[in-house]
Amino acid sequence: MNDLIEIYRRIEYLRNNGLKMKEIADYVDMAPSVLSALYSSVLPTYVTSLKQGHSEEDSLDLALAQVNNVSKKRLLGNLASTKELLFSLEPANGEAKTNPFMEMMTAEMQRSVQEVYNYSGSYLSYSLSSSCVEPYLIEASEDNTYVKVTHMSAYNTTHRGVGLFNNHQNGYIFFNERESPQMALFSIYLQLPMYDFPPFLKGLYLSLDYNRNPIARRILFVKQGDSTDMEEFLELKGELVPLDKLTELQKKYYDYTCQEGDCIRTCMVPSPQLNENDLEREKKILSL
């Protein structure tokens, strides 16, 4: 049944060179859901089981047990013809296309423009950084091809990034903290409530600390207004607010974002061995 491994590699090749699963399925006369199950579940499980030393027969049975829409009899009966059709299919002009994941991201960026109206406007963010308050502006780009997000730090540094808003469930915001060609991404994962024009958004903020160690914090976006006018936005200022200067409302934001457990830190442990014992050492260091 080496044909199964060759089929798996061929589907992967076609996918990586720009062909969509439905195009491949139509060409080999197979239901897209069946081909998708083969590619994403059955064949990877089959290969993994073989590597673990199981027989081909047992590996295939184990793999097929993961899904309920692939018939073993039909799969083996059409194995030779499926392989032949797959190897006769080539990407257009035989040239590799854009990375499928990047194509998906580009498409999601464009779709997000249709959903961002519910979240457009200016916000003040609150997160664990000495009572740090920083403005964000979420809006559609001038040409309506992506969601543009502007961030002003408490130290008057401006970052411009992109946002992805998917089905009013999750939002993702990405920035580069450094000047090109350096790259230090920070990203924000937002929960999008089932609510028209929500007064605030909450989520997690992932970035690098001053020593370039990954760190995750709770973050809260509080809506300031629907306007996306840049001059109005620039009137908002990022700042570090002392705890004793917080208003009663800001204290609630502080209590939500700045308590024990609202931040996950990592650090590098100098070690010549770099083994599992370093994981315990890291936790001890971070607890000091």
Indicate yes or no for a side-chain donor-acceptor contact from [X] to the backbone of [Y] under 3.5 Å, with no hydrogens or angles considered.
X: Gln66; Y: Leu62; result: yes
X: Glu282; Y: Cys267; result: yes
X: Ser41; Y: Ala37; result: no
X: Asp58; Y: Ser55; result: no
X: Glu177; Y: Phe175; result: no
X: Asp26; Y: Glu23; result: no
X: Ser40; Y: Ser36; result: yes
X: Glu134; Y: Ala154; result: yes

For residues [X] and [Y], report the shortest heavy-atom separation together with the two atoms involved.
X: Leu35; Y: Ala25; value: CD2-N, 3.5 Å
X: Glu139; Y: Ser120; value: CA-OG, 4.2 Å
X: Val42; Y: Val67; value: CG2-CG2, 3.6 Å
X: Ile7; Y: Leu86; value: CG2-CD1, 3.6 Å
X: Ser127; Y: Ile219; value: CB-CG1, 4.1 Å
X: Thr82; Y: Val28; value: O-CG1, 4.3 Å

Those residues at least two apart in sequence (or on a different chain) that pass side-chain hydrogen bond (donor to acceptor under 3.5 Å, both in side chains) with Ser59 are Ser49

Which residues pass the side-chain contact (heavy atoms from CB on, under 4.5 Å) test with Met268, not counting sequence neighbours?
Asn213

Taking the side chain as C-beta and beyond, is there a heavy-atom pair between [X] and [Y] under 4.5 Å?
X: Asn78; Y: Met30; answer: no
X: Leu246; Y: Tyr253; answer: no
X: Lys223; Y: Tyr119; answer: no
X: Lys148; Y: Glu142; answer: yes
X: Tyr27; Y: Ile24; answer: no
X: Val147; Y: Met109; answer: no
X: Leu137; Y: Met152; answer: no
X: Glu12; Y: Tyr39; answer: yes

As an exercise, state the distance from [atom1] of [X] to [atom2] of [Y], rounded to the nearest 0.5 Å.
X: Met230; Y: Thr150; atom1: CE; atom2: OG1; value: 4.0 Å
X: Arg265; Y: Ser287; atom1: CZ; atom2: OG; value: 12.5 Å
X: Leu14; Y: Leu19; atom1: CG; atom2: CG; value: 5.5 Å
X: Leu243; Y: Gln250; atom1: CG; atom2: CD; value: 10.5 Å
X: Thr228; Y: Phe233; atom1: OG1; atom2: CZ; value: 11.0 Å
X: His54; Y: Asp61; atom1: NE2; atom2: CG; value: 12.0 Å

Greater than 12 external heavy atoms within 6.0 Å of [X]'s [atom1]:
X: Ile264; atom1: CD1; result: no
X: Asp29; atom1: CG; result: no
X: Arg9; atom1: CZ; result: no
X: Lys72; atom1: NZ; result: yes
X: Glu84; atom1: CD; result: no

Count I, L, V, M, F, W, Y as connected when their side-chain heavy atoms are under 4.5 Å apart, and connections chain through other members. Are [X] and [Y] then in the same cluster?
X: Phe174; Y: Leu190; result: no
X: Tyr146; Y: Tyr189; result: yes
X: Val34; Y: Leu89; result: yes
X: Leu192; Y: Val149; result: yes
X: Tyr172; Y: Phe101; result: yes

Check this for me: does any side-chain nitrogen of one of Asp255 and Lys252 sit under 4.0 Å from a carboxylate oxygen of the other?
no

With a 4.0 Å cut-off, would you call Glu6 and Arg10 a salt bridge?
no

Under a plain distance cut-off of 3.5 Å, with no hydrogens placed, do Ser227 and Asp229 share a side-chain donor-acceptor pair?
no

Under the criterion side-chain contact (heavy atoms from CB on, under 4.5 Å), I'd like the reasoning laid out for Leu76 against Leu60: C-alpha separation, chi angles, the key distance, then a yes or no.
CA-CA 10 Å; Leu76 296 179; Leu60 182 58; 3.9 Å; yes

Candidate pair Arg111 and Glu108, rule salt bridge (charged side-chain N to carboxylate O under 4.0 Å, His left out), full reasoning
CA-CA 5 Å; Arg111 277 193 287 269; Glu108 287 296 331; 2.8 Å; yes

Angle between ring planes, His159 versus His151, binned at 30° and 60°: parallel, tilted or perpendicular?
parallel

Aromatic contact, Tyr136 with Tyr123 (centres under 6.0 Å)
no

Does the pair Phe165 and Asn118 meet the rule for a side-chain contact (heavy atoms from CB on, under 4.5 Å), with working shown?
CA-CA 10 Å; Phe165 292 83; Asn118 200 48; over 6 Å; no

Using distance only, find each side-chain donor-acceptor pair of residues 193-206 under 3.5 Å and give its atom names and separation, not counting sequence neighbours.
from	atom 1	to	atom 2	distance (Å)
Lys202	NZ	Gln191	OE1	2.6

